[in-house]
Amino acid sequence: MKIVALSVVAMLIQQAFSTMAPMAIPLLGPVVVVLFDLNPGYIGGLAALTYGIGMVSAIASGSVIRKYGPLRVGQLSLLLCGAGLWIGAAGSVPLIFVGVLLIGAGIGPSTPASSHILARFSPPHLAPLIFSIKQTGVPLGGIMAGTLYPFWLGLVDWQGALLIAGALYLAFALIIQPLRPTLDDERDPTRRFTISAMAGTFRFAMGHPVLRELAIAHCVFTGLQVTFATFFVVFLLDGLGFDLVFAGLAFAFGQGAGFGGRILWGWVASRLLSTRLVLGLLGVAMAITGGALALIEGDWPRWAVIALSASYGLTGIGFQGVMLAEVARNAPPGGAGDVTGVAVVFAYAGMVIFPGLIGIIVGLTGSYQAGFVLVALVTLPIGLRFLRPAKAVTRQPPA
């Protein structure tokens, strides 16, 4: 249990750093836009590029994890993110572009590498809880970004803030080095990285009925989660006329409930119900609460808006650890990192598709409610499917 505890703490912090790096773009980007007289849309383009590169590096990480070990890949992830922050601090638009490419390459392998470690060392009955604890690194990374970047910006300029952040990534990569002999002892130095191996992993996951369902669910559930993060505050402000202080407070309650929900649902899936059943119940619940956002009116009591936000966060943000534990459970032996990479690709796809689709809907109709209802209608059948038994598995894992 000592190695389990050390692994969870190390991977939780790594996950937080992986989340924190790309958030430098929306938090420090406005300063850069003004400084270089850029179109504000440049920020959105950089964010999309970051996650697009992350999709590629996630699916490519499987063979690299097997060759060098998951901890080494986690360290590489940290170093790429840190280097991206440092290069971006050089103070030119082309180098900021290069920095974004490196950050994107760094965030992709983080979750597959940590899943590979936890799938190996976690007791099977505790895996949903352990994965969920690790996934609290995502909201923790958001808290760190929202707190530290502005704090550093108050002490130094935006370049100094990036340099300080990059130094933290290097320091943590060195701190976890003593764990490598234990966590990477099954690495295969003869393993080769090939495009065919990467494609084989993807084909295997898509031909595996359970993994295919999980990948699609990860896309849709993550899309619902990002919809909340992207549109909830502006919906309260622009659509309903609430003030910014209250909108921010309501959003914070949702995020806080999501933090607690990750641990709660992990415990439920470890102790009370099957992981698949928990995912089904969460899918139905997040569809209901997501659709209920369309019912909010400007004259609603504020406690009711906060309660609905918390319900949304509890379900729509709290599912991640349980999802990744189920992906790892259905992976072939030693293949948790590979198939998690596929699941992460689908999650990033949801992060791109759903906000873009709702943005189009809002632009054409002026209705945030229509967007919320659409996402709920897409999510509901996914949740209902997980309430039914899984299909039989006949596909063999790739070599």
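These figures come from a predicted structure and were not determined experimentally.
- Other residues, nucleotides and ligands contribute at most 12 non-hydrogen atoms within 6.0 Å of the CZ atom of Phe253.
- Note: the hydrophobic cluster containing Val220 also contains Ile288 (ILVMFWY, side chain heavy atoms under 4.5 Å, direct or indirect links).
- Taking the six-membered ring where tryptophan is involved, the planes of Phe202 and Phe346 are essentially parallel, since the angle between them stays under 30° and well short of 60°.
- The shortest non-hydrogen separation linking Ala310 to Ala257 is O-CB, 3.2 Å.
- Ile306 CD1 to Leu249 CG: the interatomic distance, rounded to the nearest 0.5 Å, is 4.5 Å.
- By the ring-ring contact (aromatic ring centres under 6.0 Å, His included) test, Tyr368 is found to be paired with Phe235, residues two or more places apart in sequence or in another chain being considered.
- Looking only at distances, a side-chain donor or acceptor of Lys67 sits under 3.5 Å from a matching main-chain atom of Pro189.
- The line from OG1 of Thr275 to CG of Leu324 is 11.5 Å long, rounded to the nearest 0.5 Å.
- A ring-centre distance under 6.0 Å is not found for Phe228 and Phe372.
- Between the side chain of Ser311 and the backbone N or O of Ala307, at least one donor-acceptor pair lies under 3.5 Å.
- One hydrophobic cluster holds both Ile117 and Val9 under the rule that ILVMFWY side chains link at heavy-atom gaps under 4.5 Å.
- The heavy-atom pair separating Ala165 from Leu85 by the smallest distance is CB-CD1, 3.8 Å.
- In this structure, SG on Cys81 lies 12.5 Å from CG on Leu168, to the nearest 0.5 angstrom.
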- Chi angles and distances behind the side-chain contact (heavy atoms from CB on, under 4.5 Å) call for His116, Val73: CA-CA 11 Å; His116 190 100; Val73 172; over 6 Å; no
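- Atoms CG and CG, from Leu277 and Leu387 in turn, are 6.5 Å apart once rounded to the nearest 0.5 Å.
- Cluster membership for Phe386 and Val284, using ILVMFWY side-chain heavy atoms within less than 4.5 angstrom, is shared.
- Of all heavy-atom pairs between Thr50 and Pro22, the closest is CG2-CB, 3.9 Å.
- Remark: the backbone N or O of Val305 is not paired with any side-chain donor or acceptor of Ser309 at under 3.5 angstrom.
- Side chain of Asp184 to backbone of Leu71: a donor-acceptor contact under 3.5 angstrom is found.
- Without hydrogens or angle criteria, Ser114 side chain to Thr111 main chain gives a donor-acceptor distance under 3.5 Å.
- We find the CH2-CG distance between Trp86 and Leu163 to be 8.0 Å, quoted to the nearest 0.5 Å.
- Tyr169 places a side-chain N or O within 3.5 Å of a backbone atom of Ala21 that can act as its donor or acceptor partner.
- Both Leu384 and Met323 belong to a common hydrophobic cluster when Ile, Leu, Val, Met, Phe, Trp and Tyr are linked at side-chain heavy-atom distances under 4.5 angstrom.
- How far CD1 of Ile353 is from CD1 of Ile358: 12.0 Å, rounded to the nearest 0.5 Å.
- Summarising the geometry of Gly291 relative to Val373, their closest heavy-atom pair is O-CG2, 4.5 Å, with the distance given to 0.1 Å.
- Side-chain contact check for His218 versus Gln320: some heavy-atom pair is nearer than 4.5 Å.
- Under a hydrophobic clustering in which Ile, Leu, Val, Met, Phe, Trp and Tyr are joined whenever their side-chain heavy atoms come within less than 4.5 Å, directly or via other members, Val8 and Val322 fall into the same cluster.
- Evaluation of the side chain to side chain donor-acceptor pair (under 3.5 Å) rule for Ser110 yields Gln14 as partners, not counting sequence neighbours.
- Heavy-atom minimum distance, Pro150 versus Ala145: CD-O, 3.4 Å.
- Checking Gln177 against Arg180 by side-chain atom types alone, no donor-acceptor pair falls below 3.5 Å.
- Between the side chain of Ser132 and the backbone N or O of Arg262 there is at least one donor-acceptor pair closer than 3.5 Å.
- At a threshold of 4.5 Å between non-hydrogen side-chain atoms, the residues Ile107 and Tyr348 count as touching.
- Put simply, the side chain of Ser270 gets close to the backbone of Leu129: a donor and an acceptor are under 3.5 Å apart.
- Taking the six-membered ring where tryptophan is involved, the planes of His208 and Phe204 are perpendicular, since the angle between them exceeds 60° and thus also 30°.
- Side-chain atoms of Arg120 and Glu186, non-hydrogen and from C-beta on, do get closer than 4.5 Å to each other.
- Looking at Trp265, its side chain does come within 3.5 Å of a backbone N or O of Leu314 through a donor-acceptor pair.
- Using a distance-only test at 3.5 Å, with no hydrogens or angles considered, a donor-acceptor pair links the side chain of Gln75 to the main chain of Ala173.
- Considering all non-hydrogen atoms of both residues, Leu308 and Thr289 come closest at CD1-O, 4.0 Å.
- Taking the charged nitrogens against the carboxylate oxygens, Glu213 and Arg276 do have a contact shorter than 4.0 Å, which makes a salt bridge.
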